[in-house]
Amino acid sequence: MELVLLVGRNLTARFTRSLFTWLGIAVATASMVLFLSFGEGLRQALVSEMGNFGPQIRVVAEGTDVFSPPQPELPPEMLEQIRAMAPELGIRKIIPSVMLVRGGFDPATSFFFHGLPEGADPRDFYPPAKAAAGRLDPHPDGAVVGAKKAELSKLTLGKPLRLSREVTVPVVGILEPASGLVDSLIFVPLKTLQQVLGTKNYGVFMILLDPDAKVEEVAQKLEAAIPGIDAQSTNEALKFAERSLRIGDLIRFGISLVALVVGGLLVANTVMMSVYERTREFGVMRAIGARRRFIFGLVLSEALFLALAGGLAGVLAGVLGSAAINAYTREAVGLALSAVTPRLALFSMAVALVLGLVAGLLPARGASRIPVTEALGRI
Amino acid sequence: MLRAENLTKRYRQGSVTVTALEGFSYEFPPGPTAVVGPSGSGKTTLLNLLAGFDLPTEGAVELGGARLDRLGEDERAGVRLEQAGFVFQSWNLLPTLTALENVAFPLLLAGVRPAERRDRALALLDQVGLADRAHHRPNQLSGGEQQRVAIARALALEPAVLFADEPTGNLDSAAGHRVLDLLLEHAVGERRLVLVTHDLEIAARAERVLHLRDGRLVKIEEPAAV
Ligand SMILES: Nc1ncnc2c1ncn2[C@@H]1O[C@H](COP(=O)(O)OP(=O)(O)OP(=O)(O)O)[C@@H](O)[C@H]1O
Ligand SMILES: [Mg+2]
């Protein structure tokens, strides 16, 4: 209680300096919160995406990673092979597909085409899918467009969509918003997309199982029976994605560490300066009867207080920044990419506090060890 | 009880050894005792040792039953808090605290409750005639007022010994005598005052005057007895 008064008095006595230090920590913490919020956002998006994902198993060519669109490397014979195994394994439906990604950095000019075989429609991927206009099935030669995509690229029913120089299809359906990746996809007939890619192969087999089939077991049996494929269950993909996200987290934390170290040096500098300026004050306190621990606590509290206040402001700024980012990415890709979860907020506060502690320890130790006679100076 | 036995302080500076104080033995009786001597004669050094700010190279110091020369840093601080009060020549007060908070500071260290601290600090300020300046910062007070606040603070825990090192050094003679009056007023009964000064006129108001020269106690005068 008394310490709070003393700390407050000293920080306000050197107001500008305290303010800048506080700002420095706030900026460092905010940048860390923002960096890491992407990981959290992706994690949340991924979980909700996978939760709504129809197929339980995804078969791709060996070595394809979860995040890039699979290349058409699976030959038609493989499809037959799997079809032959279907009854025995409890496979309800096989959806062979290819994907095509076109375009660049601007979401309005990026296109994610998804080929659908006859008899399949967007509900196989995203069961709650509904048509807001037109129909759900792109066959025989149309395109069904996700809500976000339609809005961004100003696609309406009947508008032509060019897949390549030769191939153009009209928009025949627009989906209702689903706040997920499906909002950004364009479903076209598989044959059309294969023609565009100049291939008879498939990029992926999406596999839907009977309700009582064992997912991991089926995936293992498929991999054993057909060399050269990866059969990933949705769960497995989630786990894999989680691992990559964690690596991303580490990298992002590493980058924000730079800002944090700068913030820590700011605190250390402020506290060291103020210790230096107050040598005589500490001498007077010790002369009166203050123990060294008292001085130590006083100086350390200052650093911790700065770190705490800066950390709080930083987390708050991070929350605001994250909301701003989400407002943009929701507009652009229909996903909230950034999330400041409670655990992220807590982690950031802890990092800020550790920062203050580390930055304050040395000056505090120094201040508490100045000999009284030296601190009092020659009178 | 304040007693020094063969108190010696040497400072080593490279190959040179400066003897700031040598063989000082004296038992301070109750009441005011002045310490005088030319600059560099060891007055401040003596006070530093008597108050436990520093440890002697040789000899013993006893303050209020504690052998300061045998105690560690924090233990000496504890003895000071209980037994001693201090007034320096200048720069006595904590600049970010008000007069009232400065006076209350030793009470805070001693663990006195806030409400009681405030009341006692106000009463002390009143004693030195500064009740109306309670909420002023040191830089809003004159030099003489600052010294009086310092005295109020030194008296806060009713110390057995009051140490003052040139408390009137920066003041004109009127303000200086006012400060001196306050110090002497409290050096009654069993209480002691150790007043370091180079001003013989001020020293003359003490009951005894110790003369230091080159770190040695050379003469003890008792002006009042004369
Ligand atoms: N920390 C130190 N290191 C080296 N020498 C010192 C130190 N402190 C004091 N001295 C020396 O010890 C001697 C006594 O110093 P001291 O400060 O006690 O004198 P003083 O009587 O208080 O003088 P003044 O009246 O000028 O305050 C001086 O010669 C001084 O140079
Ligand atoms: Mg001196």
Side-chain angles (χ1 to χ4, degrees), chain A residues 1-19 270-271 273-303 305-306 364-379, chain B residues 9 11 43-45 47-49 51-55 72-98 101-102 104-114 117 137-139 150 153-154 156-157 159 163 165-167 169-170 196:
Chain A
M1 168 59 213
E2 285 70 34
L3 220 57
V4 173
L5 173 82
L6 290 170
V7 166
R9 281 299 166 77
N10 183 54
L11 290 178
T12 47
R14 292 153 177 88
F15 185 75
T16 318
R17 191 163 71 204
S18 306
L19 182 74
T270 304
V271 176
M273 294 256 295
S274 101
V275 162
Y276 179 77
E277 286 168 6
R278 287 185 297 162
T279 305
R280 170 81 205 203
E281 269 180 66
F282 296 145
V284 170
M285 289 181 181
R286 298 266 297 280
I288 293 172
R291 289 173 169 79
R292 284 181 297 189
R293 196 158 21 111
F294 181 86
I295 310 285
F296 183 86
L298 191 62
V299 175
L300 194 63
S301 307
E302 260 174 52
F305 180 84
L306 274 175
R365 197 182 121 98
S368 69
R369 288 185 172 232
I370 310 169
V372 183
T373 49
E374 214 168 279
L376 285 172
R378 308 301 312 282
I379 302 164
Chain B
K9 183 72 183 179
Y11 293 103
K43 304 185 294 293
T44 299
T45 304
L47 191 140
N48 285 344
L49 296 177
F53 293 157
D54 209 353
L55 286 174
E73 189 72 48
D74 283 345
E75 290 165 312
R76 298 202 302 273
V79 174
R80 278 201 294 278
L81 185 62
E82 280 178 20
Q83 304 283 340
F86 299 88
V87 181
F88 305 105
Q89 179 171 352
S90 61
W91 240 105
N92 272 294
L93 303 179
L94 303 171
T96 56
L97 301 186
T98 63
E101 289 161 351
N102 262 287
F105 190 76
L107 300 172
L108 181 155
L109 291 179
V112 177
R113 290 157 169 280
R117 236 161 42 208
R137 299 278 170 93
N139 62 9
R153 183 181 62 191
L157 289 167
F163 292 99
D165 193 351
E166 305 272 13
N170 286 352
V196 168

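We find the CZ-CG distance between A:Phe282 and B:Leu94 to be 10.0 Å, quoted to the nearest 0.5 Å. Distance check, rounded to the nearest 0.5 Å: CG of B:Asp74 to CZ of A:Arg286 gives 7.0 Å. Atom CZ of B:Phe105 and atom CG of A:Leu6 lie 6.0 Å apart (nearest 0.5 Å). Here OG1 of B:Thr96 is found 7.0 Å from CZ of A:Arg14. Values are rounded to the nearest 0.5 Å. For the atom pair CG of B:Asn102 and CD1 of A:Ile288, the computed distance is 7.5 Å after rounding to the nearest 0.5 Å.
The shortest side-chain heavy-atom distance between A:Leu5 and B:Glu101 falls under the 4.5 Å cut-off. Taking 4.5 Å as the limit, every side-chain heavy atom of B:Leu93 sits out of range of all side-chain heavy atoms of A:Glu281. In this structure, A:Arg291 and B:Glu75 have side chains that are not in contact, with every pair of non-hydrogen atoms separated by 4.5 Å or more.
B:Phe88 carries A:Arg280 over the face of its six-membered ring, with the cationic atom under 6.0 Å from the centre and within 45° of the normal.
Only the side chain of B:Leu109 comes within contact range of chain A, with at least one heavy atom under 4.5 Å from a heavy atom of that chain. No part of B:Glu82 comes within reach of chain A, as not one of its non-hydrogen atoms sits under 4.5 angstrom from that chain. Looking at B:Arg76, there are no atoms closer than 4.5 Å to chain A (heavy atoms on both sides), in backbone or side chain.
When each of A:Ala290, A:Ala375, A:Ala287, A:Ala13 is scored by its heavy-atom pairs under 4.5 Å with chain B, the top score falls to A:Ala287. Your options are B:Pro95, B:Pro159, B:Ala156, and the one with the most heavy-atom pairs under 4.5 Å with chain A is B:Pro95.
Although no hydrogens or angles enter the test, the distance criterion places no donor-acceptor pair under 3.5 Å between the side chain of B:Asn48 and the main chain of A:Thr373. Not a single donor-acceptor pair under 3.5 Å links the side chain of B:Arg80 to the backbone N or O of A:Gly289.
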* Asked: Does the side-chain contact (heavy atoms from CB on, under 4.5 Å) test come out yes or no for B:Asp54 and A:Glu374, once each step is laid out?
  -> CA-CA 10 Å; B:Asp54 209 353; A:Glu374 214 168 279; over 6 Å; no
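With a 6.0 Å radius and a threshold of 12 heavy atoms from other residues, nucleotides or ligands, B:Tyr11 has its OH atom above the threshold. Counted within 6.0 Å of CZ on A:Phe305, heavy atoms from surrounding residues, nucleotides or ligands total 12 or fewer; the atom is thus considered open.
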